[in-house]
Amino acid sequence: MSRRLRRPAALLALACTLLPVAACSNTASTPPSHTSATASSPARAQPAPALSRTQARTVLTHYSKINNKAGAALDATLLDTVEDGPQLAMTRSWYTQERALPELQRTPYIPWSYDADTARYFIPRLPAGRQRWFAAQVFSGTATEQSRLLVVAERPRTHAWELVEVVDLADATALKVAEDRDGYATAVDATSSARLAAPVSLLRTAVLDNVVTGGANTGHQVFASTPAIRKFLAARKKTLLKYGPQGTVAFAPATTTSPQSYALKMADGSVLVAFAHRHTQTDTVTRAGLGITPAPEDRAWLGTNSQYTSITYTFTCADAALVPSTSRQANLLGSHCARTDAEGTPASRRAA
């Protein structure tokens, strides 16, 4: 009988049922009531805000309702009405995983919701013709326990508001987004190297370098050592050593299917950037006679073969960073990842 290795916990693979949103009217009326910071507004006419704070709260409330209904039934079609982008890919993956399990092995779905009343909404003014979006910071427990950054965008064709990114923040401190005298935020072009010390393309490259090399190249140059970075690198190291001498783990970049980015000016002049990336993790045995036994939740992708000599997992991730306008290092605030695909090489049934 061949010796078996259990698949290690996937690096930063977080199960998620995250938030989308529904369509709401474009008649913005009630301005945000909170102010993280204030900035003077020029006399010239300002672009209209993406929506009002009241509408944003309605969007988040609707998301929770539809997400719970879709999650209870594992209804990907319904989910697609309130999620998009990397968030949709992550939640669909969880649905795929659950549907492949025997019913008694499935994780019981427990309804939940974001508190739309205590969420902090960051609503940018956007020029006509630009895709409308907003961000929100939500808290669980008390404001010092856990915080998430949400990005919600309007789907142009249907005008439905959908959750596109969710990032678990390493620090639950309230984000200090700059706001004008009416309470609206300022959107920033995250691709601009003139506005940001590290545009989003470099941020993505640096995050992938942290994954692949542990930050040996651009990773340590672009990002300062923050709790989010240290947590990630510790998890990476643990994953690399999981098999001991019997197996290896290698990471590689994967093509980003959601290149969009969302950025807001902060009170101190830095820029909050939300973006996404994908990477792979390949687990391989080191000699004949060994095999990797997939976890039950991986069977949706790997099928019924009992053991594999190699398995490659694909992860979709949402990231958030604070980026200065000068040459100082950026701060990674958090990353949220989920396994969204897997493929493997079955072990020989004749292995001794």
Side-chain angles (χ1 to χ4, degrees), residues 19 21 28 30-42 46-57 59-60 114-127 130-140 143-144 146-154 161 163-192 195-200 203 224 226 228 260-275 318-326 328 330-336:
L19 0 153
V21 281
T30 306
S33 60
H34 72 280
T35 54
S36 301
T38 59
S40 60
S41 299
Q46 294 291 295
L51 75 177
S52 72
R53 186 172 184 270
T54 298
Q55 290 171 327
R57 187 166 54 244
V59 163
L60 194 54
Y114 287 111
D115 190 336
D117 292 326
T118 61
R120 303 181 69 251
Y121 298 95
F122 311 122
I123 302 171
R125 294 183 181 274
L126 299 167
R130 290 273 300 277
Q131 182 186 25
R132 298 195 301 163
W133 63 276
F134 70 92
Q137 185 179 14
V138 295
F139 304 90
S140 63
T144 60
Q146 184 181 14
S147 174
R148 284 180 172 175
L149 175 68
L150 317 180
V151 178
V152 183
E154 183 187 49
W161 288 91
L163 184 70
V164 294
E165 291 199 25
V166 176
V167 182
D168 290 317
L169 302 177
D171 187 343
T173 303
L175 295 169
K176 296 181 180 179
V177 174
E179 295 174 338
D180 63 23
R181 63 186 179 189
D182 296 318
Y184 293 111
T186 300
V188 177
D189 179 6
T191 67
S192 171
R195 181 63 183 82
L196 289 82
V200 67
L203 294 175
T226 62
Q260 299 87 350
S261 58
Y262 307 88
L264 295 170
K265 180 181 178 182
M266 302 297 284
D268 63 0
S270 63
V271 178
L272 172 66
V273 183
F275 58 102
D319 311 282
L322 281 178
V323 186
S325 57
T326 64
R328 290 180 295 112
N331 291 330
L332 185 68
L333 299 179
S335 293
H336 177 86

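Since this is a predicted model, take the numbers as computed values, not measurements. Starting from 1, each residue takes its place in the sequence as its number.
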From the list Thr186, Leu150, Val177, side-chain contact (heavy atoms from CB on, under 4.5 Å) with Phe122 holds only for Val177
Keeping Arg125 on the side-chain end and Pro47 on the backbone end, is there a donor-acceptor pair under 3.5 Å?
yes
Taking every heavy atom of Gln260 against every heavy atom of Glu165, the minimum-distance pair comes out as O-OE2, 4.3 Å
All heavy atoms of Ala274 vs all of Val151, minimum pair found to be CB-CG2, 3.9 Å
Side chain proximity check, Asp319 to Ser335, heavy atoms < 4.5 angstrom | yes
- For Leu333 and Leu149, run side chain to side chain contact (heavy atoms under 4.5 Å, CB included): C-alpha distance rounded to whole Å, both residues' side-chain angles, the deciding distance at 0.1 Å, then the answer. CA-CA 10 Å; Leu333 299 179; Leu149 175 68; 5.9 Å; no
Taken to the nearest 0.5 Å, the spacing of Lys265 NZ from Arg195 CZ works out to 6.5 Å
In short, Ala190 meets Ala263 closest at the heavy-atom pair CB-CB, 3.9 Å
I want to check something: taking the side chain as every heavy atom from C-beta on, are Phe134 and Pro124 in contact at a cut-off of under 4.5 Å?
yes
**Asked** Are the side chains of Tyr121 and Leu60 in touch, meaning some heavy atoms are under 4.5 Å apart?
**Response** yes
Would you find a donor on one side and an acceptor on the other, under 3.5 Å apart, between the side chain of Ser261 and the backbone of Phe275? no
Between the OG atom in Ser140 and the CG atom in Asp115, the distance rounded to the nearest 0.5 Å is 11.0 Å
Heavy atoms of Tyr262 and Val164 approach each other most closely as OH-CG2, 3.9 Å
- prompt: Side chain of Arg120, backbone of Gln137: donor and acceptor closer than 3.5 Å?
  reply: no
When rounded to the nearest 0.5 Å, the distance separating CG of Leu51 from CH2 of Trp133 is 11.5 Å
Keeping Asp182 on the side-chain end and Tyr184 on the backbone end, is there a donor-acceptor pair under 3.5 Å? no
Item to complete: Could you tell me whether a side-chain N or O of Gln146 sits under 3.5 Å from a main-chain N or O of Ala172, the two making a donor and an acceptor?
Response: no
Sequence neighbours excluded, the answer for side chain to side chain contact (heavy atoms under 4.5 Å, CB included) partners of Arg328 is Pro324, Thr326
Sequence neighbours excluded, the answer for side chain to side chain contact (heavy atoms under 4.5 Å, CB included) partners of Ala48 is none
Kindly indicate whether the side chain of Leu322, heavy atoms from C-beta on, has any atom under 4.5 Å from the side chain of Asp268. no
